[in-house]
Amino acid sequence: YAAKDNGKNTYEFYNSSYNSVTSKVEMENELRHAIERKELQLFYQPKVNIASGEIVGAEALIRWIHPTYGFVSPADFIPIAEETGLIIPMGEWILEQACKDLFIWNTNRTKNISVSVNISMHQFLNENLLKSVENAINLAKIDPTLLELEITESVAMFQPEIVIEKLKNLKNKGITLALDDFGTGYSSLNYLKMLPIDVLKIDQSFIKDMDHADTTIVRSLIEIAHSLHMTVVAEGVETKSQLNYLQGVHCDLFQGYYFSKAIPQEEFLKLLRIFK
Ligand code: C2E
Ligand code: MG
Ligand code: MG
Ligand code: MG
């Protein structure tokens with residue numbers, strides 16, 4: 001495999017056989033066995049509060065390391081997992097693993113940190129979501145407020161009545177809710193204010209180039225989020241100047257390669273020890 005050097009994660013490997021030779025059916029079959037073969041791993045990307053200089057949490061980002069495909073990007077296999085329904089058992093595994101890892105982070109820590117878990121469309125709409133979330137929390141014996149679920153704006157827009165009901169049920173259990181990739185969908189501000197969302201994650205496309213239009217949009221998004229009492233996280237912060245601008249417009253928390261890419265649990269634990 002050739003290393004995929006597009007400025008993204010250095011753990012990623014581009015596999016030409018996946019794009020050309022590997023059929024989708026074969027890929028599906030391999031994915032079906034990925035959990036039991038322990039080919040899936042959660043990596044963690046720290047979320048930073050610059051004002052206090054602390055790591056306040058991390059986002060769980062799944063990695064599939066296949067013996068012959070090499071590294072497969074979640075952008076490629078999550079859609080397949082969604083189509084085949086594999087996302088349901090996989091999502092349960094992700095929730096359980098993330099909660100177990102969180103428990104370890106907070107052992108012997110005075111100030112607890114949180115874990116964010118991405119929930120895709122089918123997983124969110126599945127009738128057992130609440131049960132599997134509660135199960136993961138109970139198994140790991142963690143405080144539910146320290147589990148943050150990220151749904152994208154497109155999921156949130158799916159069917160307002162159903163989505164709001166589901167979010168309220170999760171909120172009632174004390175779980176923290178975040179809206180991911182914000183700004184890429186078309187949700188109205190009227191709708192946004194009806195959602196019991198705690199955290200707004202500004203999509204990295206607004207942070208990337210930060211031209212005049214982007215800076216204006218970002219500043220406005222932050223003001224709106226704050227007026228709705230939401231915490232704002234900037235995704236994809238890569239440079240000092242991006243960070244400086246975002247701090248200037250009162251963005252609360254930051255995530256991006258400027259601080260760290262997603263790293264394995266052991267490395268994240270080391271990072272936590274340094275920052276303690
Ligand atoms: P996302 O939830 O919006 O995650 C952010 C993505 O941006 C991650 O890509 C992360 O590695 C990348 N990123 C973080 N900082 C930077 C930066 O400074 N610059 C750039 N260019 N990229 C940055 P990743 O890990 O490849 O994940 C892609 C998407 O796959 C995620 O987008 C999420 O939608 C999905 N995904 C990842 N893990 C899971 C999971 O466990 N469950 C579900 N359902 N979806 C997941
Ligand atoms: Mg996310
Ligand atoms: Mg995102
Ligand atoms: Mg995304």
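As the structure lists them, so they are numbered: ligands from 1, and atoms in each ligand from 1. When reading the values below, keep in mind they use all heavy atoms of this one structure, side chains included, and skip hydrogens, waters and symmetry mates.
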Can you sort out which atoms of ligand 1 are near E238, meaning under 4.0 Å from one of its heavy atoms? 17 (C), 18 (O), 19 (N), 20 (C), 21 (N)
Hey, is there an N, O or S on D180 sitting under 2.8 Å from the Mg ion (ligand 2)? yes
Please evaluate residues Y191 and E153 with respect to the criterion side-chain hydrogen bond (donor to acceptor under 3.5 Å, both in side chains), reporting the C-alpha separation (whole Å), side-chain torsions for both, the decisive distance (0.1 Å), and the verdict. CA-CA 11 Å; Y191 184 46; E153 199 185 0; over 6 Å; no
Part of I62 within contact of ligand 1 (heavy atoms, under 4.0 Å): both
For the Mg ion (ligand 3), decide whether D203 has an N, O or S atom at a distance under 2.8 Å. no
With a 4.0 Å cut-off on heavy atoms, does E59 reach ligand 1? yes
Give the atom numbers and elements of ligand 1 that come within less than 4.0 Å of a heavy atom of Q45. 14 (C), 15 (N)
From I207, I94, N118, L61 - option closest to atom 44 (N) of ligand 1 by heavy atom: N118
Closest to the Mg ion (ligand 2), among the N/O/S atoms of E59, is atom OE2
Going by the 4.0 angstrom heavy-atom rule, the piece of V237 near ligand 1 is backbone
Can you establish whether the number of heavy atoms outside H33 located under 6.0 Å from its atom NE2 is more than 12? yes
For ligand 1, note which part of Q255 has a heavy atom under 4.0 Å away: side chain, backbone, both or neither. neither
Would you mind running through ligand 1 and noting each atom that sits below 4.0 Å from a heavy atom of S120? 44 (N)
Run S120 and H122 through side-chain hydrogen bond (donor to acceptor under 3.5 Å, both in side chains) and show every step you take. CA-CA 6 Å; S120 52; H122 284 80; over 6 Å; no
Is ligand 1 under 4.0 Å from a heavy atom in the side chain of R63, in the backbone, in both, or in neither? side chain
Any nitrogen or oxygen of K208, side chain or backbone, less than 3.5 Å from one on ligand 1? no
Donor-acceptor side-chain pairing of S116 and E148 below 3.5 angstrom: yes
Cation over ring, K141 on F103, under 6.0 Å and within 45°? no
Metal proximity, N118 vs the Mg ion (ligand 2), N/O/S cut-off 2.8 Å: yes
Is E127 atom CD crowded by more than 12 heavy atoms from other residues, nucleotides or ligands, each under 6.0 Å away? no
Counting heavy atoms only, which part of D180 comes closer than 4.0 Å to ligand 1: side chain, backbone, both or neither? side chain
Please check if any side-chain donor atom of S205 sits under 3.5 Å from a side-chain acceptor atom of D203, or the reverse. yes
Please list, in number order, the atoms of ligand 1 under 4.0 Å from a heavy atom of G256. 15 (N), 18 (O)
Does E150 bring an N, O or S atom to under 2.8 Å of the Mg ion (ligand 3)? no
Test F124 against L149 for side-chain contact (heavy atoms from CB on, under 4.5 Å), laying out the working first. CA-CA 10 Å; F124 184 75; L149 300 184; over 6 Å; no
Which ligand 1 atoms, with their elements, are less than 4.0 angstrom from a heavy-atom of E235? 3 (O), 5 (C)
